[in-house]
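Down below is the structure, laid out as structure tokens.
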Amino acid sequence: MRLSQILIATLREDPADAEIPSHRLLARGGYIVKIAAGVYTFAPLMWRVVRKFAQIVREELDRAGANEVMLPIIQPKELWVSSGRWDRYVTDGIMFTLKDRKGSEMCLGPTHEEVMTAYVNAQVNSYKQMPVNCYQIQDKFRDEIRPRFGLMRGREFIMMDAYSFDADVKGLDVAYQKMRDAYCRIFERCNLRYTIVQADSGAIGGAGSEEFMVVADSGEDSILFCEASGYAANVEKATSRLPDAPAGGEVRPMSKHGTPNVRTVAQLEQFFPGWQAGRMAKTVLYKATWKDKEAVVAVMMRGDLEINEVKLVNALDAMAVRLATDDEIKAATGADTGFAGPVGLSDKVRLLGDLSLQGRTNLLTGCNETGFHCLDVNPGRDCRMPEFKDLRLARAGEGCPVSGQPLQQARGIEVGHIFKLGTKYSSAMGATFMDQGGKPQPFVMGCYGIGVSRTPAAAVEQNHDDKGVVWPAPIAPFEVVVGMLDPKKDDQVKLAEQLYGELQQAGVDVCLDDRPMSPGAKFKDHELLGLPVQVFVGRRAAEGMVEFLIRKGLQKSELAVADVKGRVLAALGRS
RNA sequence: CGGGCCGUAGCGCAGUUUGGUAGCGCGACUGGUUUGGGACCAGUAGGUCGCGAGUUCAAAUCUCGCCGGCCCGACCA
């Protein structure tokens with residue numbers, strides 16, 4: 001391919017709205033062009049990158065026995081009602097919806113469990129037809145609350161989504177493991193540094209799930225891990241060994257104390273010398289929303305620890321929670337914010353407590369009276385016993401649940417997510433097959449996603465320098481560029497064409513930069529574009545010498561023409 | 001949805017406070033000179049100043065409404 005025939009429009013200045021390296025470099029390199037918030041055009045070079053990555057995904061999924069299909073983007077409301085997800089997705093505002101000319105409601109698919117389940121249900125009637133695993137590489141649409149970071153969080157994006165259908169949990173386990181292995185091969189083939197973490201299964205639901213995280217400072221997810229044990233989890237899901245706190249001792253009588261304007265744990269430590277945060281139970285009020293109702297709930301947490309809202313949502317089986325407002329707190333407790341507690345709490349308010357408080361004695365808590373707190377509160381005696389759940393946010397430095405070593409923290413970009421769904425969707429939608437006993441059974445499903453447009457952006461996060469992108473060769477738009485520095489000089493043109501032909505013959509994905517630009521501009525352009533291997537034919541062409549550049553580290557050397565092919569193949573690891 | 005801010009040429013921005021001829025850099029185009037680190041000279045084109053209403057002799061500038069976008073937070077397969 002000749003670059004003079006490809007639309008390449010690099011920018012000289014950084015776009016004003018780009019925050020993170022991948023967004024900045026992809027926009028400046030002309031790889032992506034924004035058309036609306038979170039909606040991008042993929043320029044020719046970027047589309048080559050996406051196609052290369054998609055091809056790797058295809059090869060590995062096909063090898064794992066999955067079938068590629070193409071599902072519709074436009075989906076009828078009824079399908080989503082049948083799985084029970086229409087309301088949640090519409091309430092959350094995450095789904096683009098539209099009406100057809102008859103007024104029937106439709107949506108642009110944010111995910112395809114429903115469509116795929118309906119499809120497979122119509123085709124598969126017997127356990128003999130399974131296992132089945134189908135996938136597609138397709139545009140997805142989500143009206144994200146806050147699109148940002150270029151391709152990282154768009155409102156239209158490309159995703160591979162696969163769905164496995166098995167007759168039983170054993171089959172699902174096999175399908176899941178196959179996909180997990182395929183994912184590892186995919187990300188390894190792209191030379192990405194990634195880690196697999198235990199994850200919350202979120203809106204998709206289901207039993208178990210793991211995320212594939214590309215480690216990068218700009219990642220939106222926080223992960224905790226332990227090198228000693230290999231434990232790694234999204235902070236939403238992570239647990240840790242409970243940090244020590246001073247024991248409460250023998251049960252004592254409760255006492256109530258005036259605490260004017262003392263509202264926070266830190267202020268209480270000041271006000272009651274000797275009462276450390278670990279002996280307090282803070283009570284935080286949340287407004288929780290379910291499909292058909294909403295309510296304020298109270299959550300007790302040891303004073304030195306934090307609440308994990310994702311765990312809280314799961315414990316309540318709610319759609320969402322948020323901190324209650326001052327007015328809602330006053331209405332639920334009768335007291336101003338900062339004085340809520342289990343003592344004297346109305347029976348109407350559901351009370352949860354973190355496991356860290358189970359069995360603890362003589363706590364310091366609020367008592368739902370503005371300006372007062374209680375000492376030596378003993379749940380079960382002085383107040384209701386809360387429903388104990390794991391609601392705690394694990395933090396770096398706390399002990400790994402497996403090894404006890406301090407957990408470390410890193411940022412990650414979620415590029416893949418695999419779930420064991422079980423029968424959640426098949427049961428809801430009545431998707432069944434006949435088992436060996438002739439009885440209808442719901443399909444046991446798994447679902448598996450890879451961010452096909454996000455992964456190349458994540459690759460840029462991991463592979464760039466201050467000059468530009470440094471593409472990993474397997475997903476680079478071209479592996480090699482042969483650049484003629486002066487297209488007016490016959491000897492340069494001739495030699496560049498010769499090398500270009502030779503490399504093509506050798507099976508290298510090579511392009512010829514025959515654009516009429518000054519040498520300096522051409523060098524800068526290629527530093528920004530970031531093709532892995534760059535060969536420049538310049539003023540020493542007549543002597544049969546060219547310049548050879550490895551983009552990673554910008555290592556340059558002069559090379560005789562005869563050695564070019566060998567060096568290129570070696571650089572690409574194909575010698 | 002809450003808080004902060006922005007919208008002026010393809011891109012990056014000034015001009016708005018204090019109303020009075022719409023500017024700068026980069027890019028683009030033409031001609032010439034250049035050709036190893038985003039060249040130089042000369043010239044040219046390109047703007048309903050986001051949209052609508054209002055105030056005014058006069059609005060990019062003031063007022064109101066709307067739309068779009070960015071950042072922080074909440075949110076997020």
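Side-chain atoms are counted along with the backbone in the values below, which use heavy atoms only and exclude waters and symmetry mates. Here is how names work: the chains are called A, B, and so on, in the same order as the sequence lines, proteins then strands, and each is numbered from 1.
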So which heavy atom on [X] is nearest to which on [Y], and how close?
X	Y	answer
A:Ile20	A:Met152	CD1-CG, 3.9 Å
A:Arg28	A:Lys467	NH2-O, 4.4 Å
A:Ile223	A:Asn234	CG2-CA, 4.3 Å

Please state whether the phosphate of B:G27, meaning OP1 or OP2, lies under 4.0 angstrom from any side-chain nitrogen or oxygen of A:Arg12. yes
Counting just side-chain N and O atoms, does A:Ser518 come under 4.0 Å of either OP1 or OP2 of B:A39? yes
Quick one: label [X] by what it contacts on the DNA or RNA (base, sugar-phosphate, nothing), any heavy atom closer than 4.0 Å.
X	answer
A:Glu220	nothing
A:Glu309	sugar-phosphate
A:Gly449	nothing
A:Asp161	nothing
A:Arg539	base
A:Lys34	sugar-phosphate
A:Arg454	nothing

Nearest listed nucleotide, side chain of [X], among [options]:
X	options	value
A:Leu528	B:G38, B:G37, B:U34	B:G38
A:Leu485	B:U34, B:C76, B:G36	B:G36
A:Ala16	B:G12, B:G36, B:G38	B:G12
A:Asp17	B:G38, B:C70, B:G37	B:C70
A:Arg153	B:C76, B:G73, B:A39	B:C76
A:Pro519	B:U35, B:G69, B:G73	B:U35
A:Met517	B:G37, B:G73, B:G38	B:G38
A:Arg28	B:G38, B:G37, B:A74	B:G38
A:Ala37	B:U35, B:C75, B:G69	B:G69

Report the base-pairing partner of [N] (Watson-Crick or G-U wobble, both distances below 3.5 angstrom), or none.
N	value
B:U18	none
B:G2	B:C72
B:U48	none
B:G25	B:C11
B:G38	none
B:A58	none

Using whole Å, what does the distance between atom [atom2] of nucleotide [N] and atom [atom1] of [X] come to?
X	N	atom1	atom2	result
A:Arg551	B:G37	CZ	C1'	14 Å
A:Glu144	B:C70	CD	C1'	17 Å
A:Asp513	B:G36	CG	P	16 Å
A:Arg88	B:C76	CZ	P	7 Å
A:Phe157	B:C76	CZ	C1'	10 Å
A:Lys522	B:U34	NZ	P	20 Å
A:Gln534	B:G36	CD	P	18 Å
A:Arg155	B:C75	CZ	P	20 Å

Once hydrogens and angles are ignored, does a donor-acceptor distance under 3.5 Å link the base of B:G36 to the side chain of A:Lys489? no
What about A:Glu13, does its side chain sit under 3.5 Å from the base of B:G27 through a donor-acceptor pair? no
Ion pair check, A:Glu328 and A:Arg322, cut-off under 4.0 Å: yes
I'd like to know if A:Lys311 and A:Asp200 make a salt bridge, using a cut-off of under 4.0 Å between side-chain N and carboxylate O. no
Parallel, tilted or perpendicular: which one describes the rings of A:Phe212 and A:Phe187, with boundaries at 30° and 60°? tilted
Between [M] and [N], how far apart are the [atom1] atoms? Round to whole Å, please.
N	M	atom1	value
B:G47	B:C1	P	36 Å
B:C41	B:U55	C1'	50 Å
B:G65	B:C24	C1'	33 Å
B:G73	B:U17	C1'	31 Å
B:A9	B:C49	C1'	10 Å
B:G37	B:U44	C1'	29 Å
B:A22	B:U48	C1'	14 Å
B:G43	B:A59	P	34 Å

Distance only, no hydrogens: is a donor on one side chain within 3.5 Å (strictly under) of an acceptor on the other, for A:Ser222 and A:Gln409? yes
Taking A:Tyr31 as the fixed residue, which of A:Trp471, A:Trp47, A:Tyr40 is the one that meets the ring pair (Phe, Tyr, Trp, His ring centres under 6.0 Å) rule? A:Trp471
Within the 4.5 Å heavy-atom criterion, are A:Phe523 and A:Glu547 side-chain neighbours or not? yes
Please tell me which of A:Phe149 and A:Gly520 maps to the more 5' nucleotide of RNA chain B, matching each residue to the nucleotide holding its nearest heavy atom. A:Gly520
Relative to the 5' end of RNA chain B, which residue comes earlier, A:Asp525 or A:Glu19, by the nucleotide with the nearest heavy atom? A:Asp525
